[in-house]
Amino acid sequence: MSKIIALVDGSVYSESVCDYAAWVAKRKGSSVEVLHILGRREGATSNLSGNIGLGARSKLMDELAELDIAKAKLAQKRGRAILEDAETRIKAAGVEAVTTRLRHGDLIEELLLAEKDADLVVIGKRGEGADFAKLHLGSNLERVARASLIPVLVASRAFMSVDNFMIAFDGSAATMKAVDHIAKSKVFAGLKANLLSVGEDEPKQRRALEGAAATLKAAGYEVSADIVAGHASEVISEKIKAEKIDMLMMGAYATSRLRSLILGSTTSEMVRSCHVPILLFR
């Protein structure tokens, strides 16, 4: 049985993460592993004022160490509560095979270990400490999207039923991988597919787009395909609103940090501005 990893942190997005993980799991017949990762905590070892006497300093250090231990225990209790709530929500949605895991360490290290036998990661667009007013993305989202070796589904703030999807098609290896993945997937079977390429309507791009559409049609999808000139993020956003798209699929960040300054900007902008879930492919 395939496995889906749902990353939860107790933020408002955690419920949506659970809902989308359950939706995919039911359509695919997958199990769900709910993962909550406690980051490494710095101990109370900072250099205190040299004016404090040795005895007082030692006592204070002991008190800070005890406080640090108490905080760690509280974080573990909170983490278990988050996992229990997530498990209950996913099972209530009709998924029986649900496991939970509480880990302590680096997010990416733990995720890469967990995803070795998984084929999808679901994460919220923003975490507990994100600034909604400024539309900041979660601090861990980009790290996960860049590091994960499997597709990453970025959950929107609230779950919405999915009847159609759009592939932001640029002819890259990542978007070709998305087309091939979707053509073979049970998850999206029966949904309407929209292919959108942004740029000049040139013969090479038109052939690539028509080839992708043919692949999806052969798999039984109802497909529409279009090439529109303009700025990628603006055109895609407008199409999502106009066509009432339920999910966007696109290539993720470039592997190289230097290349991503150009190639990854559209990814960040779409994740930041779109109100629909986004499935990212590497």
Side-chain angles (χ1 to χ4, degrees), residues 3-26 30-46 48 57-118 120-133 136-145 147-148 150 152-159 277:
K3 184 178 78 174
I4 297 166
I5 297 173
L7 289 172
V8 295
D9 62 358
S11 68
V12 294
Y13 278 87
S14 289
E15 292 184 355
S16 178
V17 167
C18 292
D19 294 342
Y20 278 108
W23 179 80
V24 174
K26 286 191 295 182
S30 301
S31 64
V32 177
E33 179 177 272
V34 188
L35 184 60
H36 180 66
I37 301 172
L38 299 173
R40 296 190 177 101
R41 299 288 190 262
E42 294 184 358
T45 57
S46 57
L48 302 176
R57 187 185 309 164
S58 298
K59 182 179 179 181
L60 179 58
M61 292 297 291
D62 290 341
E63 291 176 351
L64 289 174
E66 291 175 2
L67 179 60
D68 194 54
I69 293 172
K71 287 182 178 179
K73 289 181 178 179
L74 183 61
Q76 290 185 10
K77 288 181 179 180
R78 179 176 180 272
R80 292 190 185 97
I82 289 171
L83 291 173
E84 289 175 4
D85 288 346
E87 180 181 12
T88 299
R89 189 178 186 93
I90 294 172
K91 286 185 174 180
V95 181
E96 296 182 0
V98 183
T99 59
T100 62
R101 185 187 299 187
L102 179 65
R103 303 294 295 173
H104 185 283
D106 179 73
L107 169 65
I108 300 305
E109 291 177 2
E110 295 298 334
L111 176 61
L112 292 178
L113 287 173
E115 71 175 30
K116 287 182 178 180
D117 59 345
L120 178 69
V121 174
V122 187
I123 184 174
K125 182 189 296 190
R126 297 183 177 90
E128 190 177 26
D131 188 338
F132 285 84
H136 286 170
L137 297 178
S139 59
N140 291 319
L141 172 57
E142 184 174 340
R143 293 182 65 209
V144 169
S148 180
I150 58 179
V152 175
L153 176 58
V154 183
S156 51
R157 188 169 185 178
F159 176 80

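The structure presented is a predicted model; accordingly, all values stated were derived computationally and were not measured.
Considering every non-hydrogen atom in both E110 and R103, the closest pair reads OE1-NE, 3.0 Å.
With sequence neighbours excluded, the residues that form a side-chain hydrogen bond (donor to acceptor under 3.5 Å, both in side chains) with S148 are E115. Listed by chain and number, the residues in a side-chain hydrogen bond (donor to acceptor under 3.5 Å, both in side chains) with S16 amount to none (sequence neighbours excluded). A search for side chain to side chain contact (heavy atoms under 4.5 Å, CB included) contacts involving E33 returns K3, T99, R101, A114, not counting sequence neighbours. Listed by chain and residue number, nothing satisfies the side chain to side chain contact (heavy atoms under 4.5 Å, CB included) test with L74 (two or more places apart in sequence, or in another chain). Residues meeting the side chain to side chain contact (heavy atoms under 4.5 Å, CB included) test with A6, sequence neighbours left out: V17, A21, V32. Annotation: side chain to side chain contact (heavy atoms under 4.5 Å, CB included) contacts of A158 (sequence neighbours excluded): none. A search for side-chain hydrogen bond (donor to acceptor under 3.5 Å, both in side chains) contacts involving S156 returns Y20, not counting sequence neighbours.
E96 contributes atom CD, which lies 11.5 Å from atom NZ of K26 (distance to the nearest 0.5 angstrom). Remark: S11 OG to R157 CZ distance equals 9.5 Å, nearest 0.5 Å. Within the model, atoms CD1 of I5 and CG of L35 stand 6.5 Å from one another, a figure rounded to the nearest 0.5 Å. Separation of atoms CG (L107) and CG (D9) is listed at 10.0 Å; rounding is to 0.5 Å. Atoms CD1 and CG, on I108 and N140 in that order, are 7.0 Å from each other to the nearest 0.5 Å.
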Show the atom names and distances, to 0.1 Å, of all donor-acceptor pairs under 3.5 Å that link a side chain in residues 79-88 to residues at least two apart or in another chain.
| from | atom 1 | to | atom 2 | distance (Å) |
| --- | --- | --- | --- | --- |
| E87 | OE2 | K91 | NZ | 3.1 |
| T88 | OG1 | E84 | O | 2.9 |

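At least one side-chain heavy atom of D106 sits less than 4.5 Å from a side-chain heavy atom of R143. Side-chain contact check for V122 versus V24: every heavy-atom pair is 4.5 Å or farther apart. Looking at heavy atoms from C-beta onward, V8 lies in side-chain contact with C18 at the 4.5 angstrom threshold.
Evaluated for a side chain to side chain contact (heavy atoms under 4.5 Å, CB included) with I4, the options V95, V34, L120, V98 yield exactly one hit, L120.
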